[in-house]
Amino acid sequence: MAKLKNLTITTPLLFAFPLKSEWAVNPINLNTPINSGDWENAGSLKFSRGFVLAKNDARFLYLALDVVDDTGNDPSTNDYFWLSFDTNRDRAITANQDINYGLYPGKPNELGIQKYLGPGKWTGLLSDPSDSEVVQEFGPSPNSSTSHRIWKFRIDLKEINVALSWPLSTPYTYFGFRVRSSRPAFTTDFPGNFYRDFTKLRQLILSRKPVISPSLMGPLIGSVGFIPTTKIDATGRATTDPGYFLKVDNAAFGGTLNLIGNRNKLQNLYSANVRKYRVEIAGPGASFSRLISNWSNYRWNGSTYLLESFSASSLGFYELPNPASDYSIDDLLIQFPTTALLPGLYQIKVTFYKRIGFIDQPQDSQTIRLLIDNHLPSTIIESIRHGSNEVSACAIENIGAAPDGLNFRLTANDAEGNLRAVSFYATYGDNQSATIFNETYTPSMGNWQGFVNRSIPPRGNWRPPQSCAYSFVLIAWARTTNGYNWVGKNPTHRNLTLLL
């Protein structure tokens, strides 16, 4: 990564507004020109040398540094950038957590990552694999017809510790960057001195409002999170189409759920002065009762998000916000936790009412079915055997010549049939690991319950790669979604020392 050796011109704080990312309907191909249309309607923030553009989807932040003042097409990495993120969002530099992206020397399209150690201090470039990418472009942009330097990024949201499923806050991060040009010569930081003082970083607010096709939305309850209600079958499980930005197969629901209204329907109801509704829930074999919940949503006021609280009246009515308002979760009808519900098939009904005279009369209603399952799969390392002998935890075991080794008995079981994946592996040495067994759900498995007391490997033995202390880790993931991502996993482990 380039070192500090040039005169630095810090960018004045032009305004304190955050950068507001917009939803990327389709993943952005960094190899296509910035004028191709992928960046249209991107969030934009001006700095003294150009503009920052931002879009995101459920997995990546797409960021462009449109450096309109860098009009010299310099080779290799004479021109470079730094791009920093406050991964724990505490506005302070946290050693070995906060990250800075840069270029590998002489490789202008190879993104490197390093951790902060303190103000202006970093580790070296890390060798860990990353799904984040950078592509540089020299040409015109929406902000200038004169050819200039453009840096385009695809940043893995997990890498910067951002999740669109945060239930109590709009997703955000803090960032700062440096751009360096050799012709014309300038080095510009935005905000000034950001790499020494994270209180100066600018907030970046991500969108979690995908454009779901109207043909997929339910007539009133359009979706559960990102999952259209038309993709939920009579058993309450969801399956989305291949290529959909949230792919699930035969998935149950759990965690905190957001019921999202059909935008066109809500606009029509609001215009007709139909602005109150009730939500009811019926468990397996039970009748409907009112579903009462309190939640918060952030409304954009033109410069920032303001927190607003929502709750039911004493009669169980919720008030419909103006659909024209810009919320961090648009068209949210209700947000409610399901962790206290027993597994089973639930019915949820939303009914809109209009006040006519002294009576609230129902105007429109929809009922959906959701299979709720917050139980975690069971994971048990039933036994570890060396030959005919069972090996206890913390034992020191001598392994003879091949084919001598270990055999395992494992249980990874979900009684409700909502198992998504199983992994069994060994960790050892300096961050090393060895895969022993993996199995992943496919739709042909139906309602997969997993297995009980399975022999791994089914034939022969597993041999350790070297003499060392080992931790054997078994993890089972639930095939349960909150509408934004998968929720629920259950790990267990057992430790041994193996000597070859």
Side-chain angles (χ1 to χ4, degrees), residues 8-24 28 30 32-57 60-71 79-87 89 91 98-103 111 132-157 159-160 162 170-181 186-195 198 200-207 300 302-305:
T8 298
I9 304 172
T10 58
T11 302
L13 195 63
L14 299 179
F15 47 81
F17 292 168
L19 172 58
K20 187 168 179 282
S21 176
E22 298 296 335
W23 186 262
I28 293 179
L30 299 186
T32 60
I34 199 169
N35 275 340
S36 64
D38 286 347
W39 296 87
E40 187 177 357
N41 300 319
S44 181
L45 181 66
K46 191 178 187 308
F47 70 105
S48 65
R49 297 296 184 180
F51 297 82
V52 191
L53 306 179
K55 279 189 169 185
N56 71 274
D57 55 26
F60 294 105
L61 167 65
Y62 304 98
L63 202 67
L65 303 182
D66 189 16
V67 193
V68 297
D69 284 1
D70 184 2
T71 54
D79 293 357
Y80 65 82
F81 63 85
W82 296 348
L83 178 61
S84 294
F85 290 92
D86 181 7
T87 58
R89 295 171 297 280
R91 307 301 296 270
D98 298 325
I99 60 177
N100 186 47
Y101 292 101
L103 292 172
L111 188 66
S132 300
E133 295 179 348
V134 65
V135 170
Q136 71 163 307
E137 178 182 341
F138 191 83
S141 75
N143 296 303
S144 175
S145 59
T146 301
S147 292
H148 56 273
R149 179 77 56 212
I150 305 161
W151 301 102
K152 297 176 293 185
F153 303 88
R154 187 187 77 165
I155 303 296
D156 188 344
L157 293 184
E159 208 161 71
I160 59 175
V162 173
T170 189
Y172 71 95
T173 186
Y174 294 107
F175 79 110
F177 62 88
R178 161 175 287 191
V179 286
R180 191 262 190 184
S181 169
F186 63 79
T187 302
T188 298
D189 295 340
F190 181 83
N193 206 36
F194 72 90
Y195 58 94
F198 271 18
K200 298 178 179 294
L201 295 183
R202 188 59 60 89
Q203 187 180 42
L204 192 159
I205 299 172
L206 286 87
S207 172
W300 183 255
S303 61
T304 189
Y305 275 109

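- The side chain to side chain contact (heavy atoms under 4.5 Å, CB included) search around Ser36 returns Thr32, Pro33, Asp38, not counting sequence neighbours.
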Item to complete: Run the numbers on Leu19 and Ile205 for side-chain contact (heavy atoms from CB on, under 4.5 Å), then give the verdict.
Response: CA-CA 6 Å; Leu19 172 58; Ile205 299 172; over 6 Å; no
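- The heavy-atom pair separating Ile34 from Pro140 by the smallest distance is CG2-O, 3.6 Å.
- No side-chain heavy atom of Asp66 sits less than 4.5 Å from a side-chain heavy atom of Phe47.
- Taking all atoms of both residues into account, the shortest heavy-atom contact from Ser141 to Asn35 is C-OD1, 3.2 Å.
- Between the side chain of Arg89 and the backbone N or O of Thr87 there is at least one donor-acceptor pair closer than 3.5 Å.
- Minimum heavy-atom separation, Pro191 to Gly176: CD-CA, 4.1 Å.
- In this structure Asp98 satisfies the salt bridge (charged side-chain N to carboxylate O under 4.0 Å, His left out) test with no other residue, sequence neighbours excluded.
- Contact check for Leu65 versus Ile150: no side-chain heavy atoms found under the 4.5 Å cut-off.
- With sequence neighbours excluded, the residues that form a ring pair (Phe, Tyr, Trp, His ring centres under 6.0 Å) with Phe153 are Phe81.
- Geometric assessment of Lys200 against the ring of Phe194 yields a negative cation-pi assignment under the 6.0 Å and 45° thresholds.
- Relative ring orientation between Phe190 and Phe177 is described as tilted, the plane-to-plane angle lying within the 30° to 60° band.
- Under the side chain to side chain contact (heavy atoms under 4.5 Å, CB included) criterion, Ser21 pairs with Ala54, Asn56, Leu61, Leu204, sequence neighbours left out.
- Proximity of a side-chain donor or acceptor of Lys152 to a complementary backbone N or O of Leu30 within less than 3.5 Å is detected.
- Evaluation of the salt bridge (charged side-chain N to carboxylate O under 4.0 Å, His left out) rule for Asp69 yields Arg49 as partners, not counting sequence neighbours.
- For Asp70, the side-chain hydrogen bond (donor to acceptor under 3.5 Å, both in side chains) partners two or more places apart in sequence, or in a different chain, are Ser181.
- For Glu159, the side-chain hydrogen bond (donor to acceptor under 3.5 Å, both in side chains) partners two or more places apart in sequence, or in a different chain, are Tyr101, Ser130, Ser132.
- For Phe60, there are no ring pair (Phe, Tyr, Trp, His ring centres under 6.0 Å) partners at least two apart in sequence or on another chain.
- Remark: the backbone N or O of Leu201 is paired with a side-chain donor or acceptor of Arg91 at under 3.5 angstrom.
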Worksheet item: Could you go step by step and tell me if Trp23 and Leu206 meet the side-chain contact (heavy atoms from CB on, under 4.5 Å) rule?
Response: CA-CA 8 Å; Trp23 186 262; Leu206 286 87; over 6 Å; no
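- Note that CZ of Phe51 and CG of Asn143 are 4.5 Å apart. Values are rounded to the nearest 0.5 Å.
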Practice prompt. Check the pair Phe175 / Asp86 against side-chain contact (heavy atoms from CB on, under 4.5 Å), numbers first and verdict last.
Written response: CA-CA 6 Å; Phe175 79 110; Asp86 181 7; over 6 Å; no
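- At least one side-chain heavy atom of Ile28 sits less than 4.5 Å from a side-chain heavy atom of Trp39.
- Under the rule for a salt bridge (charged side-chain N to carboxylate O under 4.0 Å, His left out), the partners of Glu22 that lie at least two apart in sequence or sit in another chain are Lys20.
- In this structure, Asn41 has no side chain to side chain contact (heavy atoms under 4.5 Å, CB included) partners at least two apart in sequence or on a different chain.
- Contact of the Val67 side chain with the Trp151 side chain is registered, since non-hydrogen atoms from C-beta on lie closer than 4.5 Å.
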Item to complete: Could you walk me through whether Asp57 and Tyr62 pass side-chain contact (heavy atoms from CB on, under 4.5 Å), step by step?
Response: CA-CA 8 Å; Asp57 55 26; Tyr62 304 98; 2.8 Å; yes
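- Residues forming a side-chain hydrogen bond (donor to acceptor under 3.5 Å, both in side chains) with Tyr174 (at least two apart in sequence, or on another chain): none.
- For the atom pair OG1 (Thr188) and CZ (Arg180), the distance works out to 11.5 Å, reported to the nearest 0.5 Å.
- Looking only at side-chain heavy atoms (C-beta outward), Thr71 and Thr146 come within less than 4.5 Å of each other.
- Val68 approaches Gly50 most closely through the heavy-atom pair CG2-CA, 3.7 Å.
- At a threshold of 4.5 Å between non-hydrogen side-chain atoms, the residues Leu83 and Leu63 count as touching.
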